[in-house]
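These notes are about the structure you will find just below.
By convention here, the first residue in the shown sequence is residue 1.
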Amino acid sequence: EGGKMGKRDVSGGMKVGDVLRNADLGLDKDVSDDRKLRGKLKALKKETISAAERTAHLSQLTLTERTGFLETESPLERTFKVTQEQILEGSDTATKNRGSFKLELGNTGLGPYGAQYSRSGKLLLVYSRSGHVSVTNWTKLQQLSEIYLNQTVRDGTFLHNDSYFALAQRKYVGIYDSSGIELHVLRKHSNPIGLEFLPYHFLLASLGERGGLQYTDTSTGEVVAELKTSYIGGASSISLNPFNACIATGHSNGTVALWSPISSEPLVRILANRGSINSIAITQDGTYMLTSGSDACCNIYDLRTYKKLNCIRLPVAANRSIFSQRNLLALSFGPNVKIYKDIFSESTIGAPYMENLYAGRVVESLSFCPYEDVLGVSHSKGGHKILQMIVPGAGVANFDSSLPNPFETSKQRRQREVRSLMEKLQPETISLDPTSIGGIDKDPAERLKDIQLKKREAERAQRAKSLQKKRTRGRNKIAKKLKRKQQNVVDEKSESIRRALQERKEQANPKREEEDFVDPVLKRFEKKND
């Protein structure tokens with residue numbers, strides 16, 4: 001999925017490096033002995049760099065929107081002290097309309113509620129644990145559909161466009177259109193607790209209560225993969241890496257695993273927390289990951305080195321976490337919502353960028369709206385509400401016309417849908433490093449030999465482990481195992497002990513010389529000495 005949308009700088013334009021993602025292509029001088037091929041590759045590289053420079057130059061003229069953060073007038077003031085009322089008081093009419101959007105759901109007994117925005121940012125999907133589901137165009141304050149399923153709904157997500165969405169229901173996954181009509185029931189996805197959609201692969205992934213991770217191609221309806229994650233630990237959360245389309249699953253023993261549909265084993269396993277994983281958040285560029293656990297620690301990892309960078313300690317465990325398009329982090333615990341900025345360093349994380357307290361409530365879900373400085377918050381107790389919190393600097397100022405955007409017409413949506421189906425990526429392209437696809441392997445035969453050698457070594461180790469004799473009644477303890485392993489080990493110490501034992505045995509039982517030995521039967525023929 002990586003490389004579909006470049007990052008914009010605060011000046012509104014694109015950088016050359018953002019447009020030129022794979023211009024190098026690993027083209028070195030020794031990539032091939034064919035001079036004609038080398039010339040073609042160098043010309044392709046030069047043409048790609050030239051196109052990137054032209055695009056970056058034009059973006060400075062056409063992308064005029066600017067992105068900024070909340071700033072204080074003096075260094076003694078703190079941004080987290082600024083309330084939502086103060087922000088709305090000094091904002092324009094459009095921002096006031098966004099910040100005043102609120103859904104009063106009352107004490108209907110259908111909660112708690114969750115909410116998620118579509119990729120274009122126009123529609124808002126609202127679902128409750130009791131089966132109340134609605135789709136609303138929040139920009140026009142227009143409700144498109146409302147249905148009551150009379151069964152549990154644990155999660156929901158939009159699919160490749162705003163016209164379809166999927167719900168993780170009590171037993172199965174259901175797919176609906178924007179008018180609320182049920183289109184499909186995916187019975188292979190049993191007891192789902194979380195959903196994620198891969199828009200460039202047209203894959204719907206669900207994590208079941210018993211640890212089953214299912215992948216279904218929504219364009220053909222075929223089940224692509226069925227993976228088992230229960231042997232790692234009880235499944236507790238699921239998240240998508242937008243850069244490489246890997247699925248991250250959190251487990252009750254504090255482990256986070258990264259999965260691909262082409263591998264039955266996790267690509268990476270990280271012991272992230274000391275308690276159960278409550279939520280996982282990954283940045284848009286796939287560089288950093290945050291895991292919030294029941295140990296009240298939110299750990300930040302660098303996915304390039306899998307090294308822990310920092311930790312945010314909270315008074316209680318965070319139940320929700322999410323990154324915005326510009327890498328602002330939102331955390332919720334109890335009635336509190338905190339926003340953090342510039343957390344990807346090894347220095348101590350200070351005060352939050354913004355915070356808000358919903359007194360007497362419990363925050364149930366968080367969702368950033370694409371291309372808007374808006375955070376959707378759902379809370380319960382004393383009346384369910386879904387409202388929007390203004391977070392300056394959260395969204396990207398300039399949208400990409402090749403992606404779903406707020407100003408997309410129905411004709412553009414149809415054309416984009418056809419184009420995305422024609423350009424659909426295969427599941428085999430999902431890997432930890434998607435930039436390696438399309439490169440040139442300099443020595444494929446040698447690389448294949450290394451892969452086969454590692455595979456044989458792994459199979460040999462697995463076979464030896466399976467053939468190991470199971471012993472009972474204390475013989476399988478670790479001390480006994482180590483003692484048995486040392487039996488056939490020959491070192492200086494064991495050799496000296498063996499020699500000492502041999503000498504002691506020889507001294508105890510000395511051998512008689514052959515010439516002195518006479519059979520007792522023949523002793524009567526011995527010559528007697530006078």
Side-chain angles (χ1 to χ4, degrees), residues 5 7-14 59-104 115-126 136-144 162 284 322-330 337-342 352-358 363 366-379 385-401 403-409 412:
M5 182 175 66
K7 296 181 287 184
R8 278 73 172 179
D9 59 2
V10 295
S11 63
M14 276 186 169
S59 68
Q60 299 288 339
L61 304 176
T62 56
L63 304 179
T64 57
E65 295 293 333
R66 296 175 179 270
T67 302
F69 294 99
L70 189 65
E71 297 180 358
T72 57
E73 294 181 354
S74 67
L76 298 178
E77 297 180 0
R78 296 292 180 265
T79 55
F80 66 88
K81 297 282 188 181
V82 181
T83 63
Q84 289 293 302
E85 290 76 12
Q86 293 173 339
I87 293 176
L88 293 176
E89 184 180 351
S91 303
D92 55 5
T93 305
T95 305
K96 288 181 179 179
N97 293 336
R98 298 187 191 99
S100 60
F101 176 81
K102 187 182 300 183
L103 291 178
E104 296 278 357
Q116 184 170 355
Y117 292 95
S118 62
R119 293 176 64 211
S120 65
K122 290 193 299 184
L123 301 188
L124 177 65
L125 173 64
V126 179
T136 305
N137 188 335
W138 70 273
T139 58
K140 298 181 180 179
L141 301 179
Q142 177 185 1
Q143 188 179 58
L144 302 182
D162 298 352
Q284 295 292 320
I322 188 172
F323 280 106
S324 71
Q325 287 181 315
R326 303 197 69 235
N327 293 341
L328 293 183
L329 172 65
V337 175
K338 292 183 181 291
I339 315 294
Y340 289 88
K341 185 180 74 167
D342 300 332
Y353 170 59
M354 294 182 68
E355 65 179 11
N356 201 10
L357 174 66
Y358 300 96
V363 178
L366 300 174
S367 180
F368 276 106
C369 182
Y371 309 108
E372 297 286 352
D373 294 340
V374 167
L375 173 66
V377 180
S378 170
H379 58 71
K385 289 183 181 180
I386 296 176
L387 44 84
Q388 295 187 149
M389 178 180 172
I390 301 297
V391 183
V396 172
N398 301 289
F399 63 88
D400 193 335
S401 60
L403 296 175
N405 59 82
F407 305 102
E408 188 178 50
T409 63
Q412 290 175 338

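Ser367 approaches Ala115 most closely through the heavy-atom pair CB-O, 3.6 Å. A pairwise comparison of heavy atoms in Gly121 and Pro370 identifies CA-CD, 4.0 Å as the closest pair. Summarising the geometry of Arg326 relative to Gly395, their closest heavy-atom pair is CD-O, 3.3 Å, with the distance given to 0.1 Å. Between Thr79 and Leu70, the shortest heavy-atom distance links the atoms CG2-O, 3.5 Å.
Asn327 CG to Lys341 NZ: the interatomic distance, rounded to the nearest 0.5 Å, is 12.5 Å. Taking CG from Leu328 and CG from Asp342, the interatomic distance works out to 8.5 Å, rounded to the nearest 0.5 Å. Rounded to the nearest 0.5 angstrom, Thr139 OG1 and Phe101 CZ are separated by 9.5 Å. Taking CG of Asp373 as the start and CD of Gln388 as the end, the distance is 11.5 Å to the nearest 0.5 Å. Atom CD of residue Gln86 and atom NZ of residue Lys81 lie 11.5 Å apart, to the nearest 0.5 angstrom.
In this structure, the side chains of Ile87 and Met354 come closer than 4.5 Å at one or more pairs of heavy atoms. Residues Pro352 and Tyr340 are in side-chain contact: their nearest non-hydrogen atoms beyond the backbone lie under 4.5 Å apart. Annotation: side chain of Tyr353 is not in contact with side chain of Leu329 (no heavy-atom distance under 4.5 Å). At a threshold of 4.5 Å between non-hydrogen side-chain atoms, the residues Val377 and Val363 count as touching. Between Ile390 and Gln84 the shortest side-chain heavy-atom distance falls below 4.5 Å. Here the side chains of Asn398 and Tyr371 are not in contact, with every heavy-atom distance at 4.5 Å or above. The shortest side-chain heavy-atom distance between Val337 and Tyr358 falls under the 4.5 Å cut-off. Between Phe80 and Ile339, every side-chain heavy-atom pair lies at or beyond the 4.5 Å cut-off.
When the salt bridge (charged side-chain N to carboxylate O under 4.0 Å, His left out) test is applied to Glu104, the partners found at least two apart in sequence or on another chain are Lys385. With sequence neighbours excluded, the residues forming a side-chain contact (heavy atoms from CB on, under 4.5 Å) with Asn405 are Phe399, Phe407, Glu408, listed by chain and number. With sequence neighbours excluded, the residues forming a side-chain contact (heavy atoms from CB on, under 4.5 Å) with Leu123 are Ser118, Val135, Asn137, Leu144, Phe158, Asp162, listed by chain and number. Under the salt bridge (charged side-chain N to carboxylate O under 4.0 Å, His left out) criterion, Lys338 pairs with Glu355, sequence neighbours left out. Shown here are the side-chain contact (heavy atoms from CB on, under 4.5 Å) partners of Gln143, two or more places apart in sequence or in another chain: Ser134, Thr136, Glu146. By the side-chain hydrogen bond (donor to acceptor under 3.5 Å, both in side chains) test, Ser324 is found to be paired with no residue, residues two or more places apart in sequence or in another chain being considered. Residues meeting the side-chain contact (heavy atoms from CB on, under 4.5 Å) test with Ser74, sequence neighbours left out: Leu76, Glu77. Considering only residues two or more places apart in sequence or on other chains, Phe368 meets the ring-ring contact (aromatic ring centres under 6.0 Å, His included) condition with none of them. Annotation: salt bridge (charged side-chain N to carboxylate O under 4.0 Å, His left out) contacts of Arg119 (sequence neighbours excluded): none.
The salt bridge (Lys or Arg N to Asp or Glu O under 4.0 Å) pairs that include a residue from residues 84-102 are Arg98-Glu372, where partners are two or more places apart or lie in different chains.
A side-chain donor-acceptor contact under 3.5 Å links Arg78 to the backbone of Pro75. The closest donor-acceptor contact from the side chain of Trp138 to the backbone of Tyr117 lies at 3.5 Å or more, if one exists at all.
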Side chain to side chain contact (heavy atoms under 4.5 Å, CB included) assessment of Leu103 paired with Val126: CA-CA 10 Å; Leu103 291 178; Val126 179; 4.1 Å; yes

